[in-house]
Amino acid sequence: MSDLKRGLSEAVAAAFAAAGLPAELGRVTPSDRPDLADFQCNGALPASKAAKRNPREIAEEVACHLAGDPRLASVEIAGPGFINLRVSDAALSERAGEIAADPRLGAEPVAEPRRVLIDYGGPNVAKPMHVGHLRSSIIGESLKRIYRFRGDTVVGDAHFGDWGYQMGLLIGAVMDEDADIRAMMEDLNAKSDITPQDEAATFAVLDGKITLADLDRLYPLAAARGKTEPDYRDRARKLTAELQGRKPGYFLLWKHFAKVTKVALERDFHALGVDFDLWKGESDVDELIEPMVADLEAKGLLVDDQGARIVHVAGPNETKKKKLPDGTVVVVPSPDPLLVVSSEGSAMYGTTDLATILDRKNTFDPHHVLYAVDQRQADHFEIVFRAAYLAGYAERGSLEHVGFGTMNGTDGKPFKTREGGVLKLNDMIVMTRDKARERLHEADLGSELDPAAFEDTANKVAVAALKFADLQNFRGTSYVFDLDRFSSFEGKTGPYLLYQAVRVKSVLRKAAEAGAQAGPIIVSEPAERDLVLLLDAFDQALIDAYDKKAPNFIAEHAYKLAQAFSKFYAACPILSAEPAVKASRLTLAQTTLRQLEQALDLLGISAPERM
RNA sequence: GCGCCCAUAGCUCAACCGGAUAGAGCAUCCGCCUUCUAAGCGGACGGUUGCAGGUUCGAGUCCUGCUGGGCGCGCCA
C-alpha cells in the first residue's frame, strides 16, 4: 500500500521509461495549481535539455503512455510542459478506504528500523528551567515520537549538565553563605568512610537549608564573581576537581543539589507532557573518563597544551586566522581542538560528551544519535563528533546535531520578562493555563464540564498553544515568543487544532446516539476530495519530518488537515445526509479524527473529549 | 579579526532534487449562526523574496560581492 503520490510516480516513471527517457524524471508532486490538477510531474522540462527535444512534445508522449490508467480522471499538458494529473473520484474513494482501514492511517514504516538515541541536551542541575529549555524539550520529544512511529527503536536521554564548573561554583557559594555547612563539609571531607547514617544525617540538615530557590539565587552571583575574580574562579575549579575526585562532603552536597533540581524538573516536564527514558547526566560517565583518557593517549590523540590536554580534530588543510590578545594574527587549526583535561585536572563539557558517546556505544549501540540542542553549540558538537570519529567511538556520520534557533522576545532579543529576568518555565506554563481558562470562559466552552474535566481541558489547551507555536516553525530559525499572540487561540494555533478534533468527536458522539452506521467512503464533493487528498499526504509529511528532523512538517500537515475538515464540515452535512452519504461521511470524519490525533500525538499534543 | 546562520506581505512564519499566479495566520475591511461546537467558514486588501551581479529555457531556492541582523571562537555548560 502506498500513497497516491508514490503510486502515480511509479506509473509516470514507467511512462518516461516507455518513452525512452530516464525513469527518475517521473517524480510526481502535489499540484501547485489545485485549480488545474491534483498532482503534477515536471519531468519533461529537464528531459528536454538532455534529449534536445521540445518539452511539450515529451510531455505529450509521456501522457499517451498514461492514457489507460484507471486512477486518472485526466492527464493534461500545461505551460512549458507540466504534466497535470487529476485523480478519479473512484481512486480517491479507494485510497480513503485504505487509510480508514489502516491502523497507521496511511503512513509507511521505515524499511530498516534503526536504534536511535535522542539527547535533549540537558537542563542544568541547580538552575530552574526557563523558556529557553522549552525548545529542546518539545522538539526532542516530537522527534522521539516521529522516529518511533516510523518504526525505529528510540531512547530519549535528558542528559543533565550536572558535573562541571558550575557545581564547584555552587559548592563554594553555599559554604560561603552558611558556616554550619562549611563546617559539616570539612568534617565529612576528612572522613575516609561515609556511613549510611552520615549520609542520612547530612541530607536531613541540607533538606531544610538548601532549596532550589537558594541555588537559583546563588548561582548567578557566583558565576559573575567567577568571571571577574581569578581567585574565586580558581577556587571553584579546585572544588570542581575535588568533587570529581569524590571528596565525601562535596559529593553529598552535590547529590543534594541534584535531588532538589530533579523534583522541579520532573514537575515542569510532566506539565509539558515530556518524558525521558533515561535521566542520565554527565556525572554518570565519570568513571569512564579515566580509562577513556588513557585510551586517547594510547591512540596518540592526546597532546599537552598550556598545561591542559587536548585532541586535535582539524584536518591537515583546515586552518583559520586568529587574532591574539596582543593583536598579532596567527594561523591555527580549525575547528579548535577538543579540551579533554583542564589544567586543574577537571573533565570538561566536551570530555563528558565524548565519554557519553563511548558509553552509549557500549550499552545501546545506536545507529544514530540526535542532539536536540541550541544552534549556538554547533561548533562544540562539530569538535566532539570529530574527536569521537577519530577515536573510533562512533561510526562516521552517525552523530548529528539537530540545532534550533533561540527564542526571542518581541524586541528581537533573547526572551526576558518585563523585569528583565528569565521567565521560568513553570511560571510560563501557569500563565498559559490561566489564559486558557479565561478564553474557555469567554467563548462559553466547557461550561458543562465538571471542575476536574475543565481543568484537564484548560491544561491541554495550554500545552497545545505552547507546543504548536514552537513546532510550526522550522526548528533552525529563531522565533519570537509572544505570549499574547500564542494565547489568542485564533487561526493557526494549537487550540484551533483541538477545537476541530473536538468538533469531530461531537459529531461522532451524536451519530452514535442516533445509531448511525459508518460505511464505505464515496468521494464526490470538492470538500471531500480535498480532505482525502490531505489524508493521503500524511505519509509524505512524516517522511519530510523524519528526514529533516523537522516537526514543523507534521504541524503543517495537522493544520491543513484540520482546515480541510473544517471546510468539509461547513460544506457537507453529515448527520442529515441520506444513509449512504451519511455512512461515507461518518467514516471520513472518523478517519480524519484518527489521523489528526495521530499527528497531534507526534507533536506531543493531546485533544480533550469536549471543550 | 576568523567562522557559522539568517534576511520573504504592516506583524509572525511557510514554500517538496531550481518550475506555472511565492502561500498561511494575525491585523484591516465585507459577508455567513431557526441545521452536526462561529476558538468556525467564505471573500477583499496586502510582495521588485535586503541590494548588485552571475549560472539557467526558468532562481525565494544555486554561485560571487555588498548591506543589515544573530551567534560562536579550549580550561562555563
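Within every chain, numbering begins at 1; the chains are lettered A, B, ... in the order of the sequence lines, protein sequences first and strands thereafter. Heavy atoms only: backbone and side chains are in, while hydrogens, waters and symmetry mates are out.
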Proximity to the side chain of [X] - top-ranked nucleotide from [options]:
X        : options             : answer
A:Gln40  : B:C41, B:C13, B:A20 : B:A20
A:Tyr496 : B:A20, B:C16, B:G40 : B:G40
A:Tyr499 : B:U37, B:C16, B:A20 : B:U37
A:Thr477 : B:C41, B:A14, B:U12 : B:A14

Whether [X] contacts [N] is assessed here as follows: a side-chain N or O lying under 4.0 Å from the phosphate OP1 or OP2. Is that the case?
X        : N     : result
A:Lys567 : B:G42 : yes
A:Ser506 : B:C36 : no
A:Ser31  : B:A20 : no
A:Lys510 : B:U37 : yes
A:Gln500 : B:U37 : no

Subject >> A:Lys560 NZ: over 12 foreign heavy atoms closer than 6.0 Å >> reply: no
Subject >> ring pair (Phe, Tyr, Trp, His ring centres under 6.0 Å) between A:Phe257 and A:Tyr219, worked out >> reply: CA-CA 12 Å; A:Phe257 293 165; A:Tyr219 179 73; over 10 Å; no
Side-chain donor or acceptor of [X] under 3.5 Å from a matching atom on the base of [N]?
X       : N     : value
A:Asn54 : B:C57 : no
A:Arg27 : B:C17 : yes
A:Asn84 : B:A20 : yes

Original post:
By side-chain hydrogen bond (donor to acceptor under 3.5 Å, both in side chains), which residues pair with A:Asp305, not counting sequence neighbours?
Top reply: none
Original post:
If anything within 90° of 0 is syn and all else is anti, what is B:G74?
Top reply: syn
**OP:** Would you classify B:C33 as syn or anti? Syn applies when the glycosidic angle is within 90° of 0.
**Re:** syn
For [N] and [M], measure between their [atom1] atoms and round to the nearest Å.
N     : M     : atom1 : answer
B:G19 : B:A15 : P     : 13 Å
B:C26 : B:G43 : P     : 14 Å
B:G42 : B:A20 : C1'   : 26 Å

Original post:
Would A:Phe82 count as stacked on B:A20 if the rule is ring centres under 5.5 Å and plane angle under 30°?
Top reply: yes
Subject >> Backbone of A:Val28 reached by a side-chain donor or acceptor of A:Ser9 within 3.5 Å >> reply: yes
**OP:** Say whether A:His557 and A:Asp544, considering side chains only, have a donor N or O and an acceptor N or O under 3.5 Å apart.
**Re:** no
Subject >> Distance-only donor-acceptor check, side chains A:Ser343 and A:Arg237, under 3.5 Å >> reply: no
Which atoms of nucleotides 74-77 of chain B (N or O only) lie under 3.5 Å from a protein N or O atom, and what are those distances?
from: B:G74; atom 1: O6; to: A:Asp305; atom 2: OD1; distance (Å): 3.0
from: B:G74; atom 1: O6; to: A:Asp305; atom 2: OD2; distance (Å): 3.4
from: B:C75; atom 1: O3'; to: A:Arg237; atom 2: NE; distance (Å): 3.4
from: B:C75; atom 1: O2; to: A:Ser343; atom 2: N; distance (Å): 2.7
from: B:C75; atom 1: O2; to: A:Ser343; atom 2: OG; distance (Å): 2.9
from: B:C75; atom 1: N3; to: A:Ser343; atom 2: OG; distance (Å): 3.2
from: B:C75; atom 1: N4; to: A:Gln306; atom 2: O; distance (Å): 2.9
from: B:C76; atom 1: OP1; to: A:Arg237; atom 2: NH2; distance (Å): 2.7
from: B:C76; atom 1: OP2; to: A:Arg237; atom 2: NE; distance (Å): 3.3
from: B:A77; atom 1: OP1; to: A:Tyr165; atom 2: N; distance (Å): 2.7
from: B:A77; atom 1: OP2; to: A:Tyr349; atom 2: N; distance (Å): 3.3
from: B:A77; atom 1: O3'; to: A:Glu282; atom 2: OE1; distance (Å): 3.1
from: B:A77; atom 1: O3'; to: A:Glu282; atom 2: OE2; distance (Å): 2.6
from: B:A77; atom 1: O2'; to: A:Asn124; atom 2: OD1; distance (Å): 3.1

Subject >> Pair pattern of RNA chain B in dot-bracket, where unpaired bases get dots and | marks partners in another strand, Watson-Crick or G-U under 3.5 angstrom >> reply: (((((.(..((((.....[...)))).(((((.......))))).....(((((..]....)))))).)))))....
